[in-house]
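All values derive from a computational prediction rather than experimental measurement.
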Amino acid sequence: MPIHPRESDPAVPDPADPTPEGAVRPPRGDLPRSGRPTGPGSDTDQEPGPDAAGGPALSEDEPTAELKELEDRWRRALADLDNLRKRHTRELGRERTAERSRTAAAFLPVLDNLELALTHAGSDPGAIVEGVRAVRDQAVNVLELLGYPRHAETGVAFDPARHEVVGVVQDPDAPPGTVVEVLRPGYGDGERQLRPAAVTVAKRE
């Protein structure tokens with residue numbers, strides 16, 4: 001005769017069940033299983049992070065290398081600028097030296113004529129005046145060639161840019177405000193003026 005398994009009666013307590021009498025027992029088969037939770041809100045449904053995607057991470061050495069390259073370019077630019085400044089200073093010094101040499105060489109004939117005049121002064125004292133005047137004219141010509149013409153005109157209107165008043169005189173023959181006498185000639189014009197002419201001016205009535 002076959003033996004059928006005995007069905008458990010919920011009203012009859014199970015001797016293997018440790019639940020005390022009168023306590024509420026949870027329904028069998030509805031207990032949650034241990035482990036990671038599953039469902040729409042669980043961690044298993046979240047998108048993988050950037051590390052899990054397997055993408056290459058940015059290297060921290062790239063900004064440092066770019067900064068070093070910019071610093072090297074900056075240092076090279078400073079070095080080039082310093083070399084340019086030094087070269088310009090050397091060229092300017094050479095130009096100044098050459099200009100001084102040309103100016104000094106232009107006055108050498110003047111000195112030669114002065115030496116010649118002094119040599120003949122003992123034999124003919126009267127000729128010294130003509131020799132000095134010739135040397136003076138030669139020196140004035142040299143200054144004019146260098147860009148500094150001589151100004152010693154009288155009877156012209158007073159010009160504060162070219163004349164320096166050292167005295168005012170009463171001269172009935174001279175129009176008021178005109179140059180009566182030049183005490184010291186002037187040389188040059190405008191920005192290339194070496195000095196203004198020292199003059200006396202006719203007094204205004």
Side-chain angles (χ1 to χ4, degrees), residues 66-205:
E66 184 177 359
L67 182 61
K68 289 183 178 180
E69 182 179 359
L70 292 176
E71 184 177 359
D72 292 340
R73 292 182 180 178
W74 175 69
R75 292 183 183 277
R76 286 195 296 268
L78 286 181
D80 293 341
L81 182 61
D82 186 64
N83 293 333
L84 180 62
R85 179 184 60 82
K86 293 179 180 179
R87 184 167 62 252
H88 176 71
T89 302
R90 290 194 298 267
E91 292 178 356
L92 186 60
R94 286 195 295 266
E95 287 296 328
R96 288 176 176 174
T97 302
E99 186 64 26
R100 286 195 297 266
S101 299
R102 286 192 294 267
T103 303
F107 276 95
L108 289 179
V110 178
L111 293 176
D112 293 339
N113 289 332
L114 282 176
E115 294 287 349
L116 186 61
L118 292 175
T119 302
H120 293 82
S123 59
D124 188 1
I128 188 65
V129 177
E130 295 296 327
V132 171
R133 183 178 291 110
V135 173
R136 190 274 314 270
D137 294 340
Q138 186 180 16
V140 169
N141 185 45
V142 171
L143 287 174
E144 186 174 359
L145 292 176
L146 293 174
Y148 304 102
R150 185 173 185 263
H151 297 291
E153 303 86 1
T154 59
V156 298
F158 170 74
D159 185 359
R162 297 173 54 187
H163 300 138
E164 178 184 355
V165 178
V166 295
V168 179
V169 297
Q170 186 73 32
D171 190 349
D173 297 333
T178 58
V179 176
V180 178
E181 183 182 4
V182 178
L183 303 178
R184 186 187 63 196
Y187 295 92
D189 293 309
E191 296 181 355
R192 294 179 58 85
Q193 185 183 67
L194 291 178
R195 71 180 186 189
V199 298
T200 59
V201 182
K203 185 178 180 180
R204 297 181 182 274
E205 297 180 358

Point to revise | Minimum heavy-atom distance between Y187 and Y148, given as atom pair plus value | key: CD2-O, 3.9 Å
Review point. Passes side chain to side chain contact (heavy atoms under 4.5 Å, CB included), H88 versus R85? Steps please.
Key: CA-CA 5 Å; H88 176 71; R85 179 184 60 82; 5.8 Å; no
Review point. Any side-chain heavy-atom pair from H163 and V156 closer than 4.5 angstrom?
Key: yes
Practice item. State whether the side chain of N83 and the backbone N or O of A79 hold a donor-acceptor pair below 3.5 Å, judged by distance alone. Key: yes
**Study point:** Cationic N near anionic O, under 4.0 Å, K68 to D72
**Key:** no
Review point. If you measure from CG on L84 to CZ on R87, what distance do you get to the nearest 0.5 Å?
Key: 5.0 Å
Practice item. Would you name the heavy atoms of E153 and R150 that are closest together and state the gap between them? Key: OE2-O, 4.0 Å
Point to revise | Side chain Q193, main chain A161, donor-acceptor under 3.5 Å | key: yes
**Study point:** Least distance between heavy atoms, A174 atom then V180 atom
**Key:** CB-CG2, 4.1 Å
Review point. Has R96 got more than 12 heavy atoms of other residues, nucleotides or ligands less than 6.0 Å from its CZ?
Key: no
Review point. Under 4.5 Å between any side-chain heavy atoms of T200 and V166, yes or no?
Key: yes
**Study point:** I128: side chain to side chain contact (heavy atoms under 4.5 Å, CB included) partners, not counting sequence neighbours
**Key:** A117, A121, V132
**Study point:** Pairwise distance OG1(T103) to CG(L145) - rounded to 0.5 angstrom
**Key:** 11.5 Å
Practice item. Return the minimal non-hydrogen interatomic distance between V179 and F158, and the atom names on each side. Key: CG2-CA, 4.4 Å
Review point. Who passes side chain to side chain donor-acceptor pair (under 3.5 Å) against Q138, sequence neighbours left out?
Key: N113
Point to revise | Taking every non-hydrogen atom, the tightest pair across G186 and A197 | key: N-CB, 3.5 Å
Exercise for review: Take D82 and K86 through the salt bridge (charged side-chain N to carboxylate O under 4.0 Å, His left out) test and state the conclusion after the steps.
Suggested key: CA-CA 6 Å; D82 186 64; K86 293 179 180 179; 3.2 Å; yes
Check your understanding: Does a salt bridge link R102 with E99, judged by any charged N lying under 4.0 Å from a carboxylate O?
Key -> yes
Exercise for review: Output the distance between atom CG (L114) and atom CZ (F107), rounded to the nearest 0.5 Å.
Suggested key: 11.0 Å
Point to revise | With sequence neighbours excluded, residues passing salt bridge (charged side-chain N to carboxylate O under 4.0 Å, His left out) with E91 | key: none
**Study point:** Presence of salt bridge, E164 and R195, under 4.0 angstrom
**Key:** no
Review point. Which atoms form the tightest heavy-atom contact between P149 and D189, and what is the distance?
Key: CG-OD2, 3.5 Å
